[in-house]
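Presented below is the structure to which this report refers.
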Amino acid sequence: MDTLQKTQGNGGAWGMLMLASAFEIGYALSVGGSQAFTIPSWSIAAVVFFLLTLYFLSAALRTIDVGIGYAVWAGIGSVGAAVFGSILLNQPLTLIQAVWLGVIIAGVVWLKLADSPKLAVTA
């Protein structure tokens, strides 16, 4: 596989990972809104988001290393759930929590940059 094909495939995998992360946020918020799966509409949404996040995560991990992909997925899902939980579910988010969530996002960005073909060492 030449470098251009590998880069294009990797870009698609990262797109899939971003979709999986968005669906993970939806899943986390739906589970919270379902109140232990006692509200049917939220419960159904949680199941749908769960299946979507699993599908897109598994598709992304065909190309992206599991450790990196999972860390990015979990990081974006965690930060997104905290931010949108604060906005949509009126959950508190303190300044210090926001700072540490920023550290998680910085780590996600650096992990993505580390996966860049320009930074990869060729053997």
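- For the atom pair CD1 (Ile64) and NZ (Lys112), the distance works out to 7.5 Å, reported to the nearest 0.5 Å.
- Of all heavy-atom pairs spanning Thr63 and Ala13, the tightest one is CB-CB, 3.6 Å.
- Under the 4.5 Å side-chain criterion, counting only non-hydrogen atoms from C-beta, Ile104 is not in contact with Ile76.
- Ser86 places a side-chain N or O within 3.5 Å of a backbone atom of Gln91 that can act as its donor or acceptor partner.
- Remark: Tyr55 OH is loosely packed, at most 12 non-hydrogen atoms of other residues, nucleotides or ligands lying under 6.0 Å away.
- In terms of hydrophobic clustering, with Ile, Leu, Val, Met, Phe, Trp and Tyr side chains grouped at heavy-atom distances under 4.5 Å, Val83 and Trp100 are assigned to different clusters.
- Side chains of Trp73 and Thr53: a donor on one and an acceptor on the other come within 3.5 Å.
- Grouping the Ile, Leu, Val, Met, Phe, Trp and Tyr side chains by contacts below 4.5 angstrom, directly or via other members, places Leu93 with Ile25.
- In this structure, Leu29 CG and Trp42 CH2 are separated by 7.0 Å, a value rounded to the nearest 0.5 Å.
- Between Met16 and Ala59, the shortest heavy-atom distance links the atoms CE-CB, 3.9 Å.
- Pairing each heavy atom of Leu111 with each of Ala71, the nearest pair is CD1-CB, 4.0 Å.
- Taking the side chain as every heavy atom from C-beta outward, Ile39 and Ser41 approach each other to under 4.5 Å.
- At least one donor-acceptor pair closer than 3.5 Å links the side chain of Ser58 to the backbone N or O of Leu54.
- Closest heavy-atom contact between Ser43 and Thr38: OG-N, 4.1 Å.
- Ile87 is connected to Val79 through a chain of hydrophobic side-chain contacts under 4.5 Å among Ile, Leu, Val, Met, Phe, Trp and Tyr, so both are in one cluster.
- Cluster annotation: Phe50 is connected to Leu19 through the hydrophobic network of ILVMFWY side chains, with a link wherever side-chain heavy atoms come within less than 4.5 Å.
- Between atom OG of residue Ser30 and atom CZ of residue Phe37 there is a gap of 9.0 Å, rounded to the nearest 0.5 Å.
- Partner of Phe56 under the ring-ring contact (aromatic ring centres under 6.0 Å, His included) criterion, chosen from Trp14, Phe23, Tyr27: Phe23.
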Test log, rule side-chain contact (heavy atoms from CB on, under 4.5 Å), inputs Ile44 and Val47: CA-CA 5 Å; Ile44 291 167; Val47 169; 5.8 Å; no
Please assess Val72 against Met18 for the test side-chain contact (heavy atoms from CB on, under 4.5 Å), listing each intermediate value before the final yes or no. CA-CA 9 Å; Val72 169; Met18 293 303 105; 3.9 Å; yes
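- Between the CG atom in Leu57 and the OG atom in Ser21 there is a gap of 8.0 Å [rounded to 0.5 Å].
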